[in-house]
Q: 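What follows is a structure written as structure tokens; I'll ask about it next.
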Amino acid sequence: MLEKLQELKKEVVQKIQTITQAKALQEYKIEILSKKGAFSYFMEELKKVPNEEKPSLGQKINEVKVQLTSLFEEKENELKQKELKEKLEKERIDVTLPGYQYQTGSKHPMNIVIDEIIQIFLPLGYKVEEGPEVEQDFYNFECLNIPKNHPARDMQDTFYITDNVLLRTHTSPVQARTMEKNKEKTPIKILCPGKVYRRDDDDATHSHQFMQLEALVIDKDITMANLKATLDLVAKKLFGEKRQIRLRASYFPFTEPSVEVDVSCTCNRKGCPVCKDTGWIEILGAGMVHPNVLKMGGYDPSQYKGFAIGFGIDRITMLKYGIDDIRHLYNNDLRVITQFKKER
Ligand code: PHE
């Protein structure tokens, strides 16, 4: 039996050397050392020998078992190390490769301009108001002194949804809604930014959807001087301290008097594409709120006065950043839009 024991040991030592996979080793270990494995034969045999031989024989069998067990353990460790090494080789990280570039978002240039205008007005006590883009004819036109069938409607080519519902053509309906809501409370000092729609053919300076920002003030003792001072402040903050403004008489049905506002150009009048050598750039429309508009909004025109300013955000953005085609603002071409990242 001792011979057989040595034989088994020899066989195991040899076989283990040839094994290269952890799984095969595990299977072989079961084959030899498990309860029904090859080694169990000796345990069965041990039962059969006379009692006095049991201790010394048992000790020998046990020694071999311990030896075999540690042989398996050693080989297991060896294979584990080998597998780890192979994995590390395979998954080696090349630290010289360039890292992934993540695209970060940036504010749209028009939103930058809207934010800037809001930041100029907030310290003066203005609040931001919003209104619906699908608007009633009543707020978009009638409350603003543009009755049905009045020729002034031709100024704003309109997308009608029904006879009385339309896509707002300007942000002025928010004026009318705010007056109605405030019920003769004063002062009203609001800013209304938002999208507006007109039935224009799209070209370099026209888009069927564009952005406006409306400022409205209503209080007692508001005069044209307040309007002019406000416009001057805004022009200087938006375009630079050296800029001046010029008011030209104009016409809007909802303001009287009405003005177009120009800001001075910084060029030397030698072929300037922006002001066409006139020295002035038209930036917005404004005026004193028409008495009829005050009346429709529930304010007594003999007591209350007001002014309104209509910023064309597209135009101001194009001027500020030297963008020559309005379509660049709406095509969402990342090559254009991400240029304004620094301005966040
Ligand atoms: N709502 C006018 C427009 O879109 C602009 C404007 C607003 C003019 C306020 C004067 C005062 O044409």
Side-chain angles (χ1 to χ4, degrees), residues 110 113-114 117-118 121 126 128-133 135-147 150-159 166-179 188-200 205-218 222-224 226-232 234-235 245-263 282-294 296-297 299 301 304-317 326:
M110 286 200 286
V113 169
I114 289 174
I117 297 177
I118 290 175
F121 278 96
Y126 287 71
V128 175
E129 282 280 347
E130 284 179 333
E133 287 172 30
E135 185 53 285
Q136 295 171 34
D137 185 284
F138 179 71
Y139 292 110
N140 195 81
F141 290 129
E142 282 178 51
C143 280
L144 296 167
N145 201 29
I146 316 174
H150 193 279
R153 291 212 176 191
D154 288 348
M155 291 170 78
Q156 303 189 352
D157 266 336
T158 311
F159 286 114
L166 43 81
L167 295 184
R168 69 177 177 192
T169 55
H170 49 179
T171 40
S172 305
V174 187
Q175 290 186 18
R177 285 178 172 275
T178 309
M179 278 192 248
I188 289 181
K189 282 169 129 186
I190 54 159
L191 295 175
C192 334
K195 296 191 204 100
V196 301
Y197 303 83
R198 291 195 198 170
R199 225 154 27 82
D200 264 331
T205 52
H206 295 89
S207 167
H208 63 280
Q209 180 227 292
F210 54 104
M211 303 280 279
Q212 286 191 340
L213 188 149
E214 190 106 355
L216 172 76
V217 172
I218 292 178
I222 296 291
T223 71
M224 191 92 181
N226 299 118
L227 171 60
K228 205 175 163 192
T230 308
L231 291 169
D232 194 50
V234 175
I245 55 160
R246 175 175 88 167
L247 307 189
R248 282 179 293 111
S250 184
Y251 172 76
F252 298 106
F254 32 85
T255 46
E256 183 58 36
S258 303
V259 289
E260 297 284 354
V261 182
D262 299 340
V263 66
E282 187 187 320
I283 54 165
L284 52 88
M288 302 305 291
V289 180
H290 196 290
N292 287 352
V293 175
L294 287 168
M296 297 277 274
Y299 285 75
Y304 298 106
K305 298 272 175 288
F307 67 73
I309 308 172
F311 294 89
I313 298 297
D314 310 68
R315 184 164 173 72
I316 293 175
T317 307
I326 194 170

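Numbering of ligands and ligand atoms starts at 1, following listing order. This one's a predicted model, so the numbers in the text were calculated from it and none came from an experiment.
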Q: With a cut-off of 4.0 Å, which atoms of ligand 1 are near a heavy atom of Gly310?
A: 6 (C), 7 (C), 9 (C)
Q: Give the atom numbers and elements of ligand 1 that come within less than 4.0 Å of a heavy atom of Gly285.
A: 8 (C), 10 (C)
Q: Nearest protein heavy-atom contact for atom 11 (C) of ligand 1: which residue, which atom, what distance?
A: Ala308 O, 3.6 Å
Q: Considering the heavy atoms of Gln156, write down every atom of ligand 1 situated less than 4.0 Å from one of them.
A: 3 (C), 4 (O), 12 (O)
Q: Which distance, rounded to the nearest 0.5 Å, do you find between the CG of Asn140 and the CD1 of Ile146?
A: 7.5 Å
Q: Who's closest to atom 3 (C) of ligand 1 heavy-atom-wise, of Glu214, His290, Glu260, Arg198?
A: Arg198
Q: Between Ala286 and ligand 1, which part of the residue brings a heavy atom under 4.0 Å of the ligand: side chain, backbone, both or neither?
A: backbone
Q: Got a second to check how far Glu256's CD is from Asn145's CG, nearest 0.5 Å?
A: 9.5 Å
Q: Looking at Glu282 and Arg248, does any basic side-chain N land under 4.0 Å from a carboxylate oxygen?
A: yes
Q: Do you know the tightest heavy-atom contact between Arg168 and Pro193?
A: NH2-O, 4.4 Å
Q: Answer side chain, backbone, both or neither: which part of Thr171 comes under 4.0 Å from ligand 1, heavy atoms only.
A: neither
Q: Between Tyr197 and Gln156, is any pair of side-chain heavy atoms under 4.5 Å apart?
A: no
Q: Could you pull out, from Phe311, Phe254, Phe307, the option with a heavy atom nearest to atom 6 (C) of ligand 1?
A: Phe254
Q: Does Gln175 reach ligand 1 with a nitrogen or oxygen that is under 3.5 Å from one of the ligand's nitrogen or oxygen atoms?
A: no
Q: For Gln212, counting its heavy atoms only, list the atoms of ligand 1 lying under 4.0 Å from any of them.
A: 3 (C), 4 (O)
Q: Report yes if Thr169 has an N/O atom closer than 3.5 Å to an N/O atom of ligand 1; otherwise report no.
A: no
Q: Over 60° means perpendicular and under 30° means parallel, so tell me whether Tyr299 and Tyr304 are parallel, tilted or perpendicular.
A: perpendicular
Q: Could you grab the distance from atom NZ of Lys195 to atom OG of Ser207, nearest 0.5 Å is fine?
A: 11.5 Å
Q: Does only the side chain of Ser172 get under 4.0 Å from ligand 1, or the backbone, or both, or neither? Count heavy atoms.
A: side chain
Q: Does the N or O separation between Thr255 and ligand 1 drop below 3.5 Å for any pair?
A: no
Q: Taking atom OH of Tyr139 and atom CE of Met179, what is their separation to the nearest 0.5 Å?
A: 11.5 Å
Q: When the ring centroid of Phe254 is compared with that of His170, is the distance short of 6.0 Å?
A: yes
